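Down below is the structure, laid out as C-alpha cells.
A note on names: the letters A, B, ... follow the listed sequences, proteins ahead of strands, and every chain is numbered from 1. Any value given below was found using the heavy atoms of this structure, including those in side chains, with hydrogens, waters and symmetry copies removed. Fair warning: this is a prediction, and the values are worked out from it, not measured in the lab.
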Number of protein chains: 2
Amino acid sequence: MMKVNENQTEHIYDERREQIKRAALKLFAYRGITGTKMSMIADEAGISQGLTYRYFNSKEELFTELIQEAMDESQSAIKNIHHLPSTPTEQIRALTKIMLDESHKHYFLLVQQAQTSEGVPERTKQVLEQYSSKDTIDQLLPILIKGQQTGEFCAGDPFRLLLLYFSVISGLILQGVHSEANWLEEVDSLMKILMK
Amino acid sequence: MMKVNENQTEHIYDERREQIKRAALKLFAYRGITGTKMSMIADEAGISQGLTYRYFNSKEELFTELIQEAMDESQSAIKNIHHLPSTPTEQIRALTKIMLDESHKHYFLLVQQAQTSEGVPERTKQVLEQYSSKDTIDQLLPILIKGQQTGEFCAGDPFRLLLLYFSVISGLILQGVHSEANWLEEVDSLMKILMK
DNA sequence: GTCTATATCTCGATAGAC
DNA sequence: GTCTATCGAGATATAGAC
C-alpha cells in the first residue's frame, strides 16, 4: 500500500528533473557550458540554485546527460529515414527538414557547441566520440550511393559529399540563432550541393 | 639622441602586444570569450598572467580589439574582390577561397563565435553591429545580380541567396575546426548553391 | 523537497618586489 | 618590463533550517 505514494513521488521527481533539463538545454545551446551558470539554469527553471544539486551532482553531469540525449535523438531521426519508402532525394530532404526544424534545433545546437568549443569536460568528449559524425554519415551512405546510381545525385566520393552536406546544415543552424532566419525554405538550394 | 631608444622601446612594446594578440586570437576563436581564461592566453604567449594587463586593460578590451581587427580584415578582403576584373563566378570563388584559407580562418571563427554565443560584452556587440553581415552582403549584391544577368547564377532573391551562402561558409569553418577537413577543394560543390 | 546560508574555489585584476 | 603574491567578485557545490 506504499506503492502508489512511491510512484507518485518518483513521478514528481522525474518531472522536476525534466524541468531542469529543459531549462539547461536552452541555455547551454546558446551560451555553451562555460557561459552558462547554474544560477541561470535555476532561474530559468524557477527554482533555487541549491535545489539543482538535489537532481544533478554537478554541472558537468547535467551537461553530459543532455549531450547523451541529443545524440540518441539524432540517431533515431536517422533510423527513421530508412523506413520511409521513397526516393533518396526525398529521404535526404526529410532529414534536412527535421534538422532545421524548431523542435530539434536546440539539440543540434548543443552538440555543435560541444563539438566545436574546447571547454568541454573529458567525460562529455567520450559520449561525443561514442556516436561520432563518422558513424552518422556511414548510416546514410547507402542512401547517397543509391541516389548516385539513379542519377539523382552528383558523382564523387559519397562520404566526403555527405560530410560536406551535414557540416553545412550544422553551420546553418548555428548561424540562424541570431539572424532569426528560417532556412527551412532553402532546403532545395542546399540540396543542390548533392544534386546532379 | 633619445629618439632611437624610444623607437626601439616602442617596437618591443608593439611586438609583445602582437604576441599576446596572436595567442588570444587562437584561443578565443576556438573556445569563445567565457571559455578562455587570461591564464591560458598568458601560457600560450609564454608570459606571466599579470603581465598581460600591462598591455591590455581587460579581457574585454583584448577581445574587442581582435574583433575590430577581424572585421577590418574581412572588409578589405571584400573590397579587393571588386578590383579583380573577372566574371562574377570567379569573384565569388576567390572570396570563398580566402575565407576558407588557413590564414583567415581564425578571424572568421572569432567573428562567428562573437555573433552566435551570448556571453559577449556590450562594447563588443557595438563593434559587431558597426559592420553587420548585412553591410557585407550589400557590398556583394552587385556581383550576384550581374551573375544572374549573365546567366551564371540561379534566379531568386539575391540578398537571401548571399546570406545563405555566407552562412554556409561560416558554418563550415566552425565545423572544420576539429575534423581537420580542408574544404578548399569543395569550393565548387559549395558554389552549386548559387549556380544555375 | 525546497530554500537560505556558507564553505571553497576559480578567475579577473592590482600591487609591489626585483 | 616582468614576475609573484594577493585581493575581491562571482561561481560551484555543500550543509543545515524549515
How many whole angstroms separate atom [atom1] of [X] from atom [atom2] of [N]?
{"X": "Glu15(A)", "N": "dG1(C)", "atom1": "CD", "atom2": "P", "answer": "14 Å"}
{"X": "Lys37(B)", "N": "dA11(D)", "atom1": "NZ", "atom2": "P", "answer": "11 Å"}
{"X": "Ile47(B)", "N": "dT4(D)", "atom1": "CD1", "atom2": "C1'", "answer": "14 Å"}
{"X": "Tyr13(A)", "N": "dT2(C)", "atom1": "OH", "atom2": "P", "answer": "11 Å"}
{"X": "Ile20(A)", "N": "dT12(D)", "atom1": "CD1", "atom2": "C1'", "answer": "15 Å"}
{"X": "Asp43(B)", "N": "dT10(C)", "atom1": "CG", "atom2": "C1'", "answer": "15 Å"}
{"X": "Phe56(A)", "N": "dT2(C)", "atom1": "CZ", "atom2": "P", "answer": "13 Å"}

_Taking any heavy-atom pair under 4.0 Å as a contact, classify Tyr55(A): base, sugar-phosphate, or nothing._
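Touches sugar-phosphate only.
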
*asked:* Considering every strand and a 4.0 Å limit on heavy-atom distances, what is the contact class for Thr36(B): base, sugar-phosphate, or nothing?
replied: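 Counting heavy atoms under 4.0 Å across all strands, the contact made by Thr36(B) is with sugar-phosphate only.
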
*For every nucleotide of nucleotides 13-18 of chain D, 5' to 3': is a protein heavy atom under 4.0 Å from its base (B), only from its sugar-phosphate (S), or from neither (-)?*
BB-B--

*asked:* Heavy-atom nearest nucleotide on DNA chain D for Met40(A) versus Arg16(B): which residue maps closer to 5'?
replied: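 The residue whose closest nucleotide sits nearer the 5' end is Arg16(B).
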
*side chain to side chain donor-acceptor pair (under 3.5 Å) partners of Glu186(B), counting only residues at least two apart*: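 Arg160(A).
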
_salt bridge (Lys or Arg N to Asp or Glu O under 4.0 Å) contacts touching residues 65-80 of chain A (sequence neighbours left out)_ =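 Salt bridge (Lys or Arg N to Asp or Glu O under 4.0 Å) check on residues 65-80 of chain A returns Arg17(A)-Glu65(A), Lys21(A)-Glu65(A), Lys21(A)-Glu69(A).
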
*So which pairs with a foot in residues 80-102 of chain B pass salt bridge (Lys or Arg N to Asp or Glu O under 4.0 Å), sequence neighbours left out?*
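Qualifying pairs: Glu90(B)-Arg93(B), Arg93(B)-Asp188(B), Glu102(B)-Lys105(B).
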
*asked:* Counting only side-chain heavy atoms from C-beta out, which of dT4(D), dG12(C), dG1(C) sits nearest to Thr9(A)?
replied: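 So the side chain of Thr9(A) is nearest to dG1(C).
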
*Just jot down the side-chain contact (heavy atoms from CB on, under 4.5 Å) partners of Met71(B), sequence neighbours excluded, or say none.*
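Here the qualifying residues are Ile67(B), Val111(B), Leu128(B), Tyr131(B).
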
*By side-chain contact (heavy atoms from CB on, under 4.5 Å) - contacts of Glu152(B) (at least two apart)*: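 With neighbours one apart ignored, the set is Thr87(B), Pro88(B), Thr89(B), Thr150(B).
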
*Ion pair present between Glu60(A) and Arg123(A), side-chain N to carboxylate O less than 4.0 angstrom?*
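Salt bridge: no.
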
_Could you tell me if Arg22(A) and Gln19(A) have a donor-acceptor pair between their side chains, going purely by distance under 3.5 Å?_
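Side chains of Gln19(A) and Arg22(A): no pair found under 3.5 Å.
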
